[in-house]
Amino acid sequence: MGEIINNFFNPQGITLWKLYTPQDYLFIGLLIVLGAAALWLATRQLAKQRTPEGTTARMAKKLRKLGGRGAQVWRDVTVVSQRGRCVCPMLYAAREGVYVVQVYHFGLDVSGSASSKYWTLSFNKDVRQVDNPLDAMDEQIVVVNRVLAKAGLGHVPVEKLVLFADVYGRPRVDLRGVDCAVVRQDLNKWRKQKKNLPSVSLTELAKALEASFQR
């Protein structure tokens, strides 16, 4: 086998268009099989990662890392204030404030607007419509603001963050009037823009939020 491999990469050895021996054909066949197997495994791994659960877990891990020491991410929590409650798919506490987060695992082409009822997410011929999440996120912000105000943290900003994180490539986002949308490849740049903002106490922030979660 070693001699066959050496011959394959030797200019005076075999070529793809001139195979002399059964060993030559065996070697080329083996290369094709191995390449197909590698492609199948890579595709299968990507498909496993391209799920709502897997994507949300990866983005939560990424946000914690970017947020630095003390940053927290909570998933699927019900936040209760004195005058209401809301379900947050993801809450992110970073040193500069709190974010209500919506993560999309699918879609390399995203279109819509801040006022449209639906957003369109597509990948090749697979086209899906999802509800515009901004109104629901605004409601989450209202409840979280009430919780923080009661804890004496009314100065802490609470913002929206919509993440597009399809593992099959870099999403192209055309959402008119939406300034809170970020693709996963730009998360590092997004965090750098937050570095100069005033810091808050993450310990107090986490304590106030966790006390409001419905058990």
Side-chain angles (χ1 to χ4, degrees), residues 43 45-67 71-79 81 84-94 96-148 156-195 197 209:
T43 303
Q45 184 63 27
L46 282 175
K48 284 183 178 180
Q49 294 178 2
R50 198 194 202 196
T51 63
E53 298 79 11
T55 302
T56 300
R58 286 195 306 279
M59 291 301 97
K61 182 178 179 181
K62 178 74 170 178
L63 288 172
R64 284 193 202 96
K65 182 178 179 181
L66 289 176
Q72 294 273 6
V73 175
W74 299 274
R75 295 166 54 188
D76 296 320
V77 291
T78 299
V79 181
S81 71
R85 65 177 59 204
C86 66
V87 177
C88 295
M90 184 183 290
L91 267 179
Y92 174 43
E96 75 280 356
V98 178
Y99 299 88
V100 295
V101 185
Q102 179 70 46
V103 178
Y104 291 98
H105 75 288
F106 169 88
L108 291 187
D109 284 290
V110 181
S111 61
S113 70
S115 59
S116 59
K117 185 175 181 180
Y118 301 104
W119 290 353
T120 301
L121 282 61
S122 60
F123 175 73
N124 293 334
K125 295 183 179 180
D126 188 353
V127 180
R128 308 177 189 181
Q129 282 196 324
V130 297
D131 292 334
N132 180 337
L134 297 182
D135 287 344
M137 297 174 83
D138 283 334
E139 293 175 6
Q140 295 168 31
I141 288 176
V142 169
V143 175
V144 172
N145 272 325
R146 289 173 181 164
V147 168
L148 296 181
V156 175
V158 184
E159 300 179 8
K160 298 185 286 285
L161 173 60
V162 181
L163 279 176
F164 295 97
D166 196 322
V167 297
Y168 280 14
R170 181 185 180 88
R172 295 173 291 275
V173 179
D174 180 19
L175 293 172
R176 297 177 300 280
V178 179
D179 59 2
C180 58
V182 179
V183 301
R184 65 181 177 85
Q185 292 88 344
D186 288 341
L187 267 178
N188 286 1
K189 182 169 65 175
W190 173 80
R191 280 301 309 166
K192 287 181 181 179
Q193 295 172 353
K194 308 291 183 179
K195 280 187 175 182
L197 295 177
L209 289 172

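Atoms considered below: every heavy atom in the structure, side chains included; atoms not considered: hydrogens, waters and symmetry mates.
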message: Just so I know, are the side chains of V162 and M137 near enough to count as touching, which here means a heavy-atom distance under 4.5 Å?
response: yes

message: Just so I know, are the side chains of L163 and Y104 near enough to count as touching, which here means a heavy-atom distance under 4.5 Å?
response: no

query: Judged by atom type as modelled, is there a donor-acceptor pair below 3.5 Å linking the side chain of D174 to the main-chain atoms of S111?
result: no

field: Beyond-backbone contact of Q102 with Q140, side-chain heavy atoms, under 4.5 angstrom
entry: no

- prompt: Within a strict 4.5 Å, meaning less than it, do heavy atoms of the W119 and V173 side chains meet?
  reply: no

SB check K160 D179 (cutoff 4.0 Å): no

query: V147 and S81: which non-hydrogen atoms are nearest, and at how many Å?
result: CG2-CB, 3.9 Å

- request: Please answer whether the main-chain N or O of G169 pairs with a side-chain N or O of Q185 as donor and acceptor at a distance below 3.5 Å.
  value: yes

query: Taking L91 as the fixed residue, which of D76, V73, V98 is the one that meets the side-chain contact (heavy atoms from CB on, under 4.5 Å) rule?
result: V98

message: Taking D126 first and then R128, would you say they form a salt bridge - that is, a charged N and a carboxylate O separated by under 4.0 Å?
response: yes

message: Can you tell me which residue among V100, L161, V77, V103 is in a side-chain contact (heavy atoms from CB on, under 4.5 Å) with M90?
response: V103

- prompt: What is the distance from atom CG of D166 to atom CG of L121, rounded to the nearest 0.5 Å?
  reply: 9.0 Å

message: For a 4.5 angstrom cut-off between non-hydrogen side-chain atoms, does R58 reach V167?
response: yes

message: Is it the case that over 12 heavy atoms from other parts of the model lie below 6.0 angstrom from the NZ atom of K65?
response: no

message: Strictly distance-based, threshold 3.5 Å: is any side-chain N or O of Y92 a donor or acceptor partner for the main-chain N or O of V101?
response: no

field: Note, L134 side chain near C180 side chain (heavy atom, < 4.5 Å)
entry: yes

statement: Only residue of D186, L187, N188 satisfying side-chain contact (heavy atoms from CB on, under 4.5 Å) with W190 is L187

